[in-house]
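To keep things clear, I will list the structure first and then write my remarks on it.
Read the numbers this way: they start at 1 and go in the same order the structure lists the ligands and their atoms. Fair warning: this is a prediction, and the values are worked out from it, not measured in the lab.
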Amino acid sequence: MSGPDQNRHSHPPAHRHGLREALHFVSRFIARPQTVGSIWPSSRQLGEAMIHQVTLKSGDLVVEYGPGTGPFTSVLRERMPAGVEYLGIEHDQELHRNLVRRFPGMRFHHGSAEETPEILAHYRLGRARLVVSGLPFANMPPDLQARILQATNTALECDGTFRTFTYLLSSLNPSTVHFRRLVADHFHDHHGSRTVVKNFPPARVLSYSKPVRKK
Ligand SMILES: C[S@@+](CC[C@H](N)C(=O)[O-])C[C@H]1O[C@@H](n2cnc3c(N)ncnc32)[C@H](O)[C@@H]1O
């Protein structure tokens, strides 16, 4: 991510997952495997790749779907230039509560990404410049995938960017293949994907821009 005043935040590098966060994540996975979708939080390296070469400026809005225990949130907190607004949307009540506690000053909504346009209206926020998704799309039924992608299209600026990831091992999984086809239908541009080996499991970042306006 680039932009003026990149290092404004004086927070310590809070990106290393404390064992407590990781264990908490695992416990949420055990409680709700389909919704949490991964047994271990993402790595710092994946977080870095998710925002690689995204340019933000004061007044822009960043929306994060499914921040979980906050690995991408930590990177965003360190890198967002002054004046950038952030909104995290987390479906799991306990994870949401912990995010509010762990990242004071950042805004988190307890709800579902499929409601993003309504959530932005509720907070009187405009369209997002960047949507970063940590959602387990491959575990989701096709109709939910479609509703979230439609909500993302509506919520993004015309020249906004949508970043998501898939696990390499699930690349040929029918649900992942379906998701990749569907997401390609919702955006005019798909930029080259980046593979991140230092993640458990290894992942591929997908970057899309220029949302197709369907309504
Ligand atoms: C695979 S975990 C990723 C967590 C974190 N971003 C990471 O990379 O470690 C998926 C997260 O998405 C959340 N989630 C699942 N469905 C959601 C939805 N419809 N809206 C918002 N969050 C959702 C889960 O509760 C979980 O925290």
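When each atom of ligand 1 is checked for a heavy atom of Pro41 under 4.0 Å away, the hits are 9 (O). Atoms of ligand 1 found under 4.0 Å from any heavy atom of Phe72 (numbered from 1 in listed order, with element): 8 (O). The contact set between ligand 1 and Ile89, taken as ligand atoms under 4.0 Å from a residue heavy atom, comprises 21 (C), 22 (N). Interface of Gly111 with ligand 1, defined as ligand atoms under 4.0 Å from a residue heavy atom, comprises 20 (N), 21 (C). When each atom of ligand 1 is checked for a heavy atom of Pro71 under 4.0 Å away, the hits are 7 (C), 8 (O), 9 (O). Set against the non-hydrogen atoms of Ser112, the atoms of ligand 1 under 4.0 Å away are 18 (C), 19 (N), 20 (N). Heavy-atom contacts of Gly68 reach the following atoms of ligand 1: 4 (C), 27 (O) (cutoff under 4.0 Å). Against a heavy-atom cut-off of under 4.0 Å, Gly134 is close to the following atoms of ligand 1: 1 (C), 2 (S), 3 (C), 6 (N), 10 (C), 11 (C).
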| field | From CA spacing to verdict: side chain to side chain contact (heavy atoms under 4.5 Å, CB included), Met80, Met106 | value | CA-CA 12 Å; Met80 286 188 307; Met106 294 178 88; 4.0 Å; yes
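Side-chain atoms of Arg204 and Thr166 include no donor-acceptor pair closer than 3.5 Å. With hydrogens and angles left out, the side-chain atoms of His186 and Thr152 include no donor and acceptor closer than 3.5 Å. With hydrogens and angles left out, the side-chain atoms of His109 and Tyr123 include a donor and acceptor closer than 3.5 Å. Counted by atom type alone, His110 and Glu90 present zero donor-acceptor pairs between their side chains at under 3.5 Å.
Checked against a 3.5 angstrom limit, the closest N/O atoms of Gly66 and ligand 1 fall inside it. Checked against a 3.5 angstrom limit, the closest N/O atoms of Ser42 and ligand 1 fall inside it. Between Glu90 and ligand 1, at least one N/O pair is under 3.5 Å apart. At least one N or O atom of Ala113 sits closer than 3.5 Å to an N or O atom of ligand 1. The N/O atoms of Trp40, backbone and side chain alike, include none that comes under 3.5 Å of an N/O atom in ligand 1.
Contact annotation: for Tyr65 versus ligand 1, there are no heavy atoms closer than 4.0 Å.
In this structure, Tyr86 and Phe108 have perpendicular ring planes: the angle between them is above 60°, well past the 30° mark. Using the six-membered ring where Trp is involved, Phe162 and Phe187 have ring planes that are parallel, under 30° apart on the 30 and 60° scheme.
Summarising the contacts of atom 18 (C) of ligand 1 with Glu115, His91, His96, Arg28, the nearest heavy atom is found in His91.
Between Arg147 and Asp143, at least one side-chain nitrogen of the basic residue sits less than 4.0 Å from a carboxylate oxygen of the acidic one, meeting the salt-bridge criterion. Here Arg194 does not pair with Glu48 in a salt bridge; the nearest charged N to carboxylate O distance is not below 4.0 Å.
Results of the side chain to side chain contact (heavy atoms under 4.5 Å, CB included) test with Leu56 over Ile51, Thr161, Val84, Leu61 single out Val84 as the only residue that passes.
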